[in-house]
2 protein chains.
Amino acid sequence: MARTQGSRAEITGPAVRDAARQLFARHGFAAVSMRQIAAEVGVQAGALYAYTPDKQALLYDLLRSHMEDLLAAWHDNPAAPALDRLDAFLRFHIQTSLERPEAVFLSYMELRNLTPENRRLIADLRRRYEDALEAILIAGQAQGSMSMPDTRLTTMALIAMLTGVASWYREGGRLDQDRVMAVYGDLVRGAVGACP
Amino acid sequence: MARTQGSRAEITGPAVRDAARQLFARHGFAAVSMRQIAAEVGVQAGALYAYTPDKQALLYDLLRSHMEDLLAAWHDNPAAPALDRLDAFLRFHIQTSLERPEAVFLSYMELRNLTPENRRLIADLRRRYEDALEAILIAGQAQGSMSMPDTRLTTMALIAMLTGVASWYREGGRLDQDRVMAVYGDLVRGAVGACP
DNA sequence: GTCTATAGTCAGATAGAC
DNA sequence: GTCTATCTGACTATAGAC
């Protein structure tokens with residue numbers, strides 16, 4: 001990875017974030033040194049500070065941009081039947097979790113390494129995402145197509161269940177992505193009281 | 001916490017493990033120094049090495065003993081109806097998760113900081129625990145009281161869902177422990193196709 | 001924008017006294 | 001079993017040359 005001097009900001013900027021995301025997810029924020037990130041990118045450690053004021057800001061930036069990407073990418077259709085919206089949500093969540101497993105992993109593993117202020121900001125974004133799911137459950141109850149004892153608890157339970165996919169799913173394993181989504185669809189519909 | 005010289009092995013041994021568990025869970029394995037652990041216990045850093053060969057062994061010991069405690073404490077009753085066994089399992093899992101949130105947190109956050117050999121050993125123990133749940137689901141299908149598309153995926157989904165409780169539950173919050181178990185009971189029975 | 005060099009701090013682990 | 005002292009190495013972040 002060693003290379004000679006030169007200027008290539010458009011390449012290095014994203015490369016720093018990619019390397020940090022991958023290394024933080026693999027070994028944990030505290031276990032990764034700025035030197036490791038620099039080596040992965042192919043620059044010297046000092047050069048990283050042209051892209052981030054410090055290591056903490058690098059982590060915060062990864063979590064914030066991930067959550068904002070999620071919120072921007074999710075398009076609900078409040079006019080559709082709640083069960084269809086729920087199916088769309090679980091497919092969206094599983095797909096993005098499998099597309100960006102490192103970012104998902106970081107987002108719920110490394111909250112504790114943020115400063116309190118940064119942690120609060122990320123928690124707010126996450127809350128908005130949870131609310132998107134809860135809105136569907138509330139609509140489903142109102143329409144009579146779902147029935148559950150507590151929409152907030154169900155929201156937390158479903159998100160934990162869906163996010164867990166990233167921790168065991170392996171490309172080329174026993175089940176492909178579509179099959180996993182179908183199985184989880186059955187589980188989720190059962191949990192929200194939409195029995196077949 | 002500072003104290004004078006003296007010998008009190010029966011106290012210090014467990015205290016080292018308690019302090020390590022708490023600090024690792026709060027800040028992450030890599031972020032915690034042996035000096036921090038020693039300060040929490042009230043000894044000097046060098047004294048810790050009378051109880052553990054190194055930092056890695058300390059982590060491994062915490063994870064191994066937690067999983068072995070879980071396996072030893074779970075008593076299934078294969079003769080009972082599968083739905084009753086499922087209810088007992090989810091109550092057991094939620095209760096132990098809430099009794100020992102730090103150990104639960106560590107057990108699925110710090111696997112990556114184990115050596116490959118140690119990681120394999122912990123994964124084997126975890127697998128045995130997952131098998132205990134899957135056996136119930138298989139029995140439920142055979143008895144006709146449950147129906148699901150894939151018992152292995154359902155096992156992983158349910159464990160992720162139940163373990164997630166520890167991440168948001170707060171003593172004295174909106175719901176007490178019994179109420180949480182009841183709500184999750186409904187969700188779980190729905191997911192496994194045991195519709196009311 | 002990237003380099004080299006370094007300041008200043010802290011880490012894990014060990015040795016030997018008590 | 002615990003202490004003090006220390007070795008050796010790594011860390012984040014900065015300064016100044018190119």
Side-chain angles (χ1 to χ4, degrees), chain A residues 1-24 26-63 106 110 112-115 118, chain B residues 1-63 106 110 112-115 117-118:
Chain A
M1 286 281 175
R3 47 172 292 276
T4 53
Q5 216 156 334
S7 196
R8 33 196 342 206
E10 310 80 18
I11 296 176
T12 306
V16 168
R17 295 161 49 86
D18 288 346
R21 185 184 306 111
Q22 191 173 345
L23 289 168
F24 288 166
R26 188 125 62 203
H27 308 290
F29 174 76
V32 174
S33 70
M34 295 297 266
R35 282 173 172 79
Q36 277 177 276
I37 298 171
E40 185 72 23
V41 173
V43 298
Q44 294 299 314
L48 297 180
Y49 292 86
Y51 299 94
T52 180
D54 54 31
K55 197 182 167 189
Q56 160 77 204
L58 193 48
L59 175 62
Y60 172 65
D61 218 52
L62 290 173
L63 298 199
L106 279 184
E110 298 294 359
R112 62 189 176 183
N113 281 307
L114 293 173
T115 62
N118 285 344
Chain B
M1 288 282 176
R3 47 172 289 276
T4 53
Q5 218 157 332
S7 197
R8 30 190 351 203
E10 309 79 17
I11 297 175
T12 305
V16 168
R17 294 161 50 86
D18 288 346
R21 186 185 304 109
Q22 191 172 343
L23 289 168
F24 288 166
R26 189 127 62 206
H27 308 290
F29 173 76
V32 174
S33 69
M34 295 298 269
R35 283 171 173 80
Q36 275 178 276
I37 298 171
E40 185 71 24
V41 173
V43 297
Q44 293 300 314
L48 297 180
Y49 291 87
Y51 298 94
T52 180
D54 54 30
K55 196 182 168 191
Q56 160 76 205
L58 193 48
L59 175 64
Y60 171 65
D61 219 52
L62 290 173
L63 298 199
L106 279 184
E110 299 293 359
R112 61 190 176 181
N113 281 308
L114 294 173
T115 61
E117 165 70 359
N118 285 344

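First the proteins, then the strands, lettered A, B, ... as listed; each starts at 1.
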(request) Can you tell me the distance, in whole Å, between the CD1 atom of B:I37 and the P atom of C:dA13? (result) 10 Å
Distances under 3.5 Å between nitrogen or oxygen atoms of protein and nucleotides 13-16 of chain D:
unit_1 : atom_1 : unit_2 : atom_2 : d
D:dA13 : OP2    : A:Y49  : OH     : 2.9
D:dA13 : OP2    : A:K55  : N      : 3.3

(message) I'd like to check B:K55 versus B:F24 (side-chain heavy atoms, cut-off strictly below 4.5 Å). Are they in contact?
(response) yes
(message) Using the side-chain heavy atoms of B:S33, tell me which of these nucleotides is nearest: D:dT2, C:dT2, C:dG12.
(response) C:dG12
(message) For a 4.5 angstrom cut-off between non-hydrogen side-chain atoms, does A:N113 reach A:L59?
(response) yes
(request) Report yes if some heavy atom in the side chain of B:D18 is under 4.5 Å from a heavy atom in the side chain of B:R21; otherwise report no. (result) yes
(message) From the set D:dT2, C:dC3, C:dT2, return the single nucleotide nearest to any side-chain atom of B:V43.
(response) D:dT2
(request) Return no unless some side-chain N or O of A:Q44 is found under 4.0 Å from OP1 or OP2 of C:dT2. (result) no
(message) Counting C-beta onward and ignoring hydrogens, is there a side-chain heavy-atom pair between B:M34 and B:T52 closer than 4.5 Å?
(response) yes
(message) Between C1' on C:dT4 and CG on A:L48, what's the gap in Å once rounded to a whole number?
(response) 15 Å
(message) Quick one, A:L58 with A:I37, criterion side chain to side chain contact (heavy atoms under 4.5 Å, CB included). Give me CA distance, side-chain angles, the key distance, then yes/no.
(response) CA-CA 11 Å; A:L58 193 48; A:I37 298 171; 4.1 Å; yes
(message) Taking only side-chain N and O atoms of A:Y51, does any of them lie within less than 4.0 angstrom of OP1 or OP2 on C:dG1?
(response) no
(message) Contact between A:Y51 and A:R17 at the side-chain level, heavy atoms closer than 4.5 Å - yes or no?
(response) no
(message) Just N and O in the side chain of B:T12: are any of them under 4.0 Å from OP1 or OP2 of D:dT2?
(response) yes
(message) Tell me the interatomic distance from A:Q36, atom CD, to D:dG9, atom P, rounded to whole angstroms.
(response) 18 Å
